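Numbering of residues begins at 1 and proceeds along the displayed sequence. Remember, predicted model here, so these are calculated numbers, not experimental data.
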Amino acid sequence: MSDKLRILLTGFGPFPGAPYNPTQPLVARLARLRRPAFDDVDIASHIFPVTYAAVDRQLPEVLAKLRPEAMLMFGLAARTSYLRIETRARNAVTMLWPDAANTRSRKGAIAANADAMMFGPHTARLLRAARLTGIDARPSRDAGAYLCNYLSWRAIENVKAGGPELAAFIHIPLLARGGASRRKGAPRITLEDLVDAGEAMLMEMVTLARKERTS
């Protein structure tokens with residue numbers, strides 16, 4: 001295993017109602033970044049199929065293989081026109097909407113008798129980093145009840161169990177395939193805007209992970 005700092009970026013594939021998921025090109029662009037500040041960093045990426053079974057199977061496999069010290073996860077919020085920095089994962093899962101494998105949850109909670117779990121104070125640092133690029137970024141206490149929230153919950157579980165030191169989940173708006181925001185009446189956020197904000201947040205995660213390694 002390399003002694004480099006290890007950062008994992010994740011996104012999602014298409015799902016019912018969203019045949020194009022812009023987290024895929026965003027994660028691909030961020031994983032290809034080459035900066036002097038990243039010379040001692042291994043940046044890996046993974047795209048999850050939008051199914052509960054895939055998250056439960058692939059997340060432990062990826063974490064065991066890559067042993068990342070920080071995870072920066074991205075998901076699509078098609079009805080939101082701005083960047084959302086999630087601050088917590090809710091103990092909730094929808095029973096209404098099936099995943100991409102047409103599987104519905106049979107219960108409305110992820111875990112029995114559990115409260116929401118917080119990502120941690122580092123989310124405020126990510127929010128500031130994103131805003132400094134000029135993008136409309138806002139904190140969020142509601143990651144929904146679908147796969148984005150589900151992955152957030154499982155990621156925080158792994159942090160608490162001694163896995164990555166840090167995890168964060170970012171919701172991005174829906175983009176047209178050409179790279180521009182599709183929300184009418186809202187300022188246009190482009191893929192380039194998201195890459196700039198993503199790079200700033202990635203840089204912040206690298207800084208935070210370095211501090212965790214030396215503390």
(message) With a 4.5 Å cut-off on side-chain heavy-atom distances among I, L, V, M, F, W and Y, is there a chain of contacts connecting Leu208 to Leu33?
(response) yes
(message) Between Met205 and Leu166, is there a side-chain heavy-atom distance shorter than 4.5 Å?
(response) yes
(request) Find out if a path of hydrophobic residues (ILVMFWY) with successive side-chain heavy-atom gaps under 4.5 Å connects Met203 to Val41. (result) yes
(message) For the CG atom of Leu76 and the CG atom of Leu26, what is their distance to the nearest 0.5 Å?
(response) 11.0 Å
(request) Could you tell me whether the side chain of Val27 reaches within less than 4.5 Å of the side chain of Thr10, counting heavy atoms only? (result) no
(message) Could you check whether Arg154 pairs with Glu157 (Lys NZ or Arg NE/NH1/NH2 to Asp/Glu carboxylate O, under 4.0 Å)?
(response) yes
(message) Main chain of Cys148, side chain of Ser152: is a donor-acceptor contact present, judged purely on distance under 3.5 Å?
(response) yes
(message) If we ignore hydrogens and angles and just use 3.5 Å, is the side chain of Asp136 paired with the main-chain N or O of Leu83 as donor and acceptor?
(response) no
(request) Inspect the contact between Arg84 and Glu86 and indicate whether a charged nitrogen and a carboxylate oxygen are less than 4.0 angstrom apart. (result) yes
(message) Would you compute the distance between atom CD1 of Ile85 and atom CZ of Arg125 and round it to the nearest 0.5 angstrom?
(response) 14.0 Å
(request) Taking all non-hydrogen atoms of both residues into account, name the closest pair between Gln58 and Pro49 and its distance. (result) OE1-CD, 3.4 Å
(message) The test is side chain to side chain contact (heavy atoms under 4.5 Å, CB included); show your working for Phe74 and Met201 and say whether it passes.
(response) CA-CA 11 Å; Phe74 294 92; Met201 290 185 289; 4.2 Å; yes
(request) May I ask you to test the Glu69-Glu212 pair for a side-chain heavy-atom distance under 4.5 Å? (result) no
(message) Do Pro173 and Leu194 have side chains that approach each other closer than 4.5 Å (heavy atoms only, starting at C-beta)?
(response) yes
(message) For the CG atom on Asp115, are there more than 12 heavy atoms of other groups (residues, nucleotides or ligands in this structure) within a distance under 6.0 Å?
(response) no
(message) Using 0.5 Å steps for rounding, measure from the CG atom of Leu126 to the CG atom of Leu72.
(response) 7.0 Å
(message) With a 6.0 Å cut-off (strictly less than), is the heavy-atom count around CZ of Arg104, excluding the residue itself, greater than 12?
(response) yes
(request) Answer yes or no: is there a side-chain heavy-atom contact under 4.5 Å between Ile7 and Leu202? (result) yes
(message) So, taking the atom named OG in Ser105 and the one named CE in Met95, what distance separates them when rounded to the nearest 0.5 Å?
(response) 6.0 Å
(request) Report yes if some heavy atom in the side chain of Pro98 is under 4.5 Å from a heavy atom in the side chain of Thr103; otherwise report no. (result) no
(request) Mark yes or no for whether Asp42, through its side chain, and Lys4, through its backbone, hold a donor-acceptor pair below 3.5 Å. (result) no
(request) Look only at the side chain of Arg6 and the backbone of Ala70, and say whether a donor-acceptor pair between them is shorter than 3.5 Å. (result) no
(request) Look at the side-chain heavy atoms of Ile, Leu, Val, Met, Phe, Trp and Tyr, link any pair under 4.5 Å apart, and say whether Phe38 and Leu5 land in one connected group. (result) yes
(request) Flag the pair Lys160 / Met117 as yes when at least one side-chain heavy-atom distance between them is below 4.5 Å, and no otherwise. (result) yes
(request) Please name the pair of heavy atoms, one in Met73 and one in Phe119, separated by the smallest distance, quoted to 0.1 Å. (result) CE-CE2, 4.0 Å
(request) Please lay out, stage by stage, how Glu199 and Arg35 fare under the test salt bridge (charged side-chain N to carboxylate O under 4.0 Å, His left out). (result) CA-CA 10 Å; Glu199 180 179 352; Arg35 302 287 186 271; 2.8 Å; yes
(request) Taking Asn21 for its side chain and Phe12 for its backbone only, find out whether a donor-acceptor pair lies under 3.5 Å. (result) yes
(message) Can you tell me how far apart CG (Leu175) and CD1 (Ile189) are? Round to the nearest 0.5 Å.
(response) 8.0 Å
(message) So, taking the atom named NE2 in His171 and the one named CG in Asn149, what distance separates them when rounded to the nearest 0.5 Å?
(response) 8.0 Å
(request) Kindly indicate whether the side chain of Asn113, heavy atoms from C-beta on, has any atom under 4.5 Å from the side chain of Asn91. (result) no
(message) Starting from Val62, can I reach Leu147 by hopping between I/L/V/M/F/W/Y residues whose side chains sit under 4.5 Å apart?
(response) yes
(request) Identify the heavy atoms of Glu204 and Ala129 that sit nearest to each other, and give their distance. (result) CB-CB, 4.3 Å
(message) Applying a strict under-4.5 Å side-chain criterion to I, L, V, M, F, W and Y, I'd like to know whether Tyr82 and Val195 cluster together.
(response) no
(request) Determine yes or no for a side-chain-to-main-chain donor-acceptor pair under 3.5 angstrom, with Thr87 supplying the side chain and Ser140 the backbone. (result) yes
(request) Locate the shortest heavy-atom distance separating Pro164 from Leu63; write the atom from each residue and the value. (result) CG-CD2, 3.9 Å
(message) To check you understand the geometry: which heavy-atom pair defines the closest contact between Pro68 and Leu8, and what is its length?
(response) CB-CB, 3.8 Å
(request) Assign the ring pair Tyr150 / Tyr52 to parallel, tilted or perpendicular, where the plane angle (0 to 90°) is split at 30° and 60°. (result) perpendicular
(request) Determine the minimum heavy-atom distance between Arg29 and Leu191, stating which atoms define it. (result) NH1-CD2, 4.2 Å
(request) Check whether any side-chain N or O of His122 sits under 3.5 Å from a backbone N or O of Ala167 as a donor-acceptor pair, and report yes or no. (result) yes
(message) Among Val93, Val50, Leu96, Leu151, exactly one meets side chain to side chain contact (heavy atoms under 4.5 Å, CB included) together with Tyr146. Which residue is that?
(response) Val50
(request) Output yes when a side-chain donor or acceptor of Arg88 lies under 3.5 Å from a complementary backbone atom of Arg141, and no otherwise. (result) yes
